[in-house]
2 protein chains.
Amino acid sequence: MSVLPEECAREILEVAPLIMRNIREEMRRHRTEGLSVPQFRTLLFIQRHPGTSLSDVAEHLGLRLPSTSKLVDLLVGRSMINRLSSSGDRRKVELSLTERGLSLLDAARAGTQKQMVELLSELTVDEMENVMKAMQTLRPIFALSERAEVELSR
Amino acid sequence: MSVLPEECAREILEVAPLIMRNIREEMRRHRTEGLSVPQFRTLLFIQRHPGTSLSDVAEHLGLRLPSTSKLVDLLVGRSMINRLSSSGDRRKVELSLTERGLSLLDAARAGTQKQMVELLSELTVDEMENVMKAMQTLRPIFALSERAEVELSR
DNA sequence: TATTGTTATACTCTATAACTATA
DNA sequence: TATAGTTATAGAGTATAACAATA
């Protein structure tokens with residue numbers, strides 16, 4: 001029973017938005033400082049790359065500089081990240097998490113993950129393994145296509 | 001090698017946004033009337049349920065009535081859907097696709113699917129089957145959680 | 001009085017264009 | 001002159017609160 005790529009594509013096209021809405025809702029529900037998905041991803045990237053520049057964040061997110069600047073502005077305004085001029089090249093900016101940013105990130109990550117774990121608990125062991133494998137298959141092809149797009153559009 | 005639900009959740013949390021960005025980018029690139037993801041989903045639902053009400057669309061999308069009203073407004077403004085007062089219950093509205101809406105929907109669907117098929121072509125037969133199965137597993141649990149949320153928040 | 005939908009308002013996400021500061 | 005970032009402006013997505021029309 002071989003699967004047509006068209007069927008598979010259609011399936012992904014329908015299921016991915018369902019998953020995303022779930023993630024968004026859960027993050028927003030975490031009031032007392034809910035994070036949007038882009039905000040969450042920004043904090044995550046900065047945590048993994050402390051001292052990173054705005055351009056690097058923009059490339060990672062797949063956004064333009066102004067959009068990223070605004071996003072970062074908001075997070076700076078809410079004291080979640082520090083934005084300093086780079087001492088080496090003063091045109092650049094060095095971004096890092098504040099204590100508060102780190103703890104909010106951890107809370108959001110834990111909360112969202114916990115809720116998703118609850119949903120996943122309905123799955124059998126086999127199904128879960130299957131889903132895990134599928135995600136590992138999909139990640140590289142979508143991660144790659146992402147970079148190609150950013151380059152194309154410059 | 002059993003998979004922990006926590007790992008699986010983390011994986012989904014990282015991969016789903018990658019997929020979504022890809023879908024969004026592709027739809028937007030289809031300028032000459034690009035559709036956003038919510039717009040696309042709205043047209044899709046109306047095609048499948050001609051004469052549907054605003055409330056039903058809102059429930060399907062997981063949005064509030066005002067958000068949905070605005071979304072529909074925009075699509076009406078661009079002549080993609082018809083909005084008529086229901087003859088039975090005049091508080092209600094009956095939504096259907098215009099010719100133009102149908103052809104734009106088909107074009108968007110074809111384009112986005114085609115591009116995703118290209119990405120999926122890198123997969124082996126086994127991987128594709130696996131991904132298909134995973135989507136079929138995930139769909140009901142996220143579709144259900146969606147409905148539960150909407151009910152809770154009313 | 002309850003239900004269906006719209007309007008008003010506000011915030012976030014995203015883009016392009018124009019600008020500033022530094023290299 | 002080229003690069004890193006910001007500001008100005010604008011459109012779309014989303015929400016809550018207040019309202020209008022119909023049942």
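Within every chain, numbering begins at 1; the chains are lettered A, B, ... in the order of the sequence lines, protein sequences first and strands thereafter.
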Five-pair end axes of the helix from C/dT1-D/dA23 to C/dA23-D/dT1 and the angle they enclose, rounded to 10°: 20°
N or O in side chain of B/Ser67 less than 4.0 angstrom from D/dA15 OP1/OP2: yes
Whole-Å gap separating P (D/dT14) and CD (A/Glu26): 18 Å
Interatomic distance where CZ belongs to B/Arg41 and P belongs to D/dA12 [whole Å]: 19 Å
Cationic N near anionic O, under 4.0 Å, B/Asp106 to B/Arg109: yes
Residue closer to the 5' end of DNA chain C, A/Val37 versus A/Ser87 (nearest nucleotide): A/Val37
Distance in angstrom units between A/Leu84 CG and D/dG5 C1', rounded: 15 Å
Where protein sits on nucleotides 1-7 of chain C, one letter per nucleotide: B base, S sugar-phosphate only, - none, heavy atoms under 4.0 Å: -BBSBBB
Nearest-Å distance for atom pair CG/P, residues B/Leu75 and D/dA12: 10 Å
Phosphate OP1/OP2 of C/dT20 contacted by A/Arg90 side-chain N/O (<4.0 Å): no
Salt-bridge criterion met for B/Lys133 and A/Glu7 (N-O under 4.0 Å): no
Value in whole Å for how far the C1' atom of C/dA15 lies from CG of A/Leu71: 14 Å
Value in whole Å for how far the P atom of C/dC11 lies from CD of A/Gln39: 14 Å
Pair B/Glu11 + A/Arg139: basic N to acidic O under 4.0 Å: yes
For residues 91-98 of chain B, please give each side-chain donor-acceptor pair under 3.5 Å, one per line with the distance, not counting sequence neighbours.
from	atom 1	to	atom 2	distance (Å)
B/Arg91	NE	B/Asp89	OD1	3.2
B/Arg91	NH2	B/Asp89	OD2	2.9
B/Glu94	OE2	B/Ser86	OG	3.3
B/Thr98	OG1	B/Ser79	O	2.7
B/Thr98	OG1	B/Met80	O	3.1
B/Thr98	OG1	B/Arg100	N	3.4
B/Thr98	OG1	B/Gly101	N	2.9

Side chain B/Glu129, main chain B/Asp126, donor-acceptor under 3.5 Å: no
Interatomic distance, B/Arg21 CZ vs C/dT14 C1' [rounded to whole Å]: 13 Å
B/Phe40 with B/Val117, same ILVMFWY side-chain cluster at under 4.5 Å: no
Validation row: B/Met20, B/Arg24 side chains within 4.5 angstrom (heavy atoms): yes
Minimum-distance pair of heavy atoms, taken over all atoms of B/Met27 and B/Leu35: CB-O, 3.1 Å
Spacing of A/Arg24 atom CZ relative to C/dT14 atom P, expressed in whole Å: 10 Å
B/Phe142 side chain reached by A/Val15 side chain, heavy atoms, under 4.5 Å: no
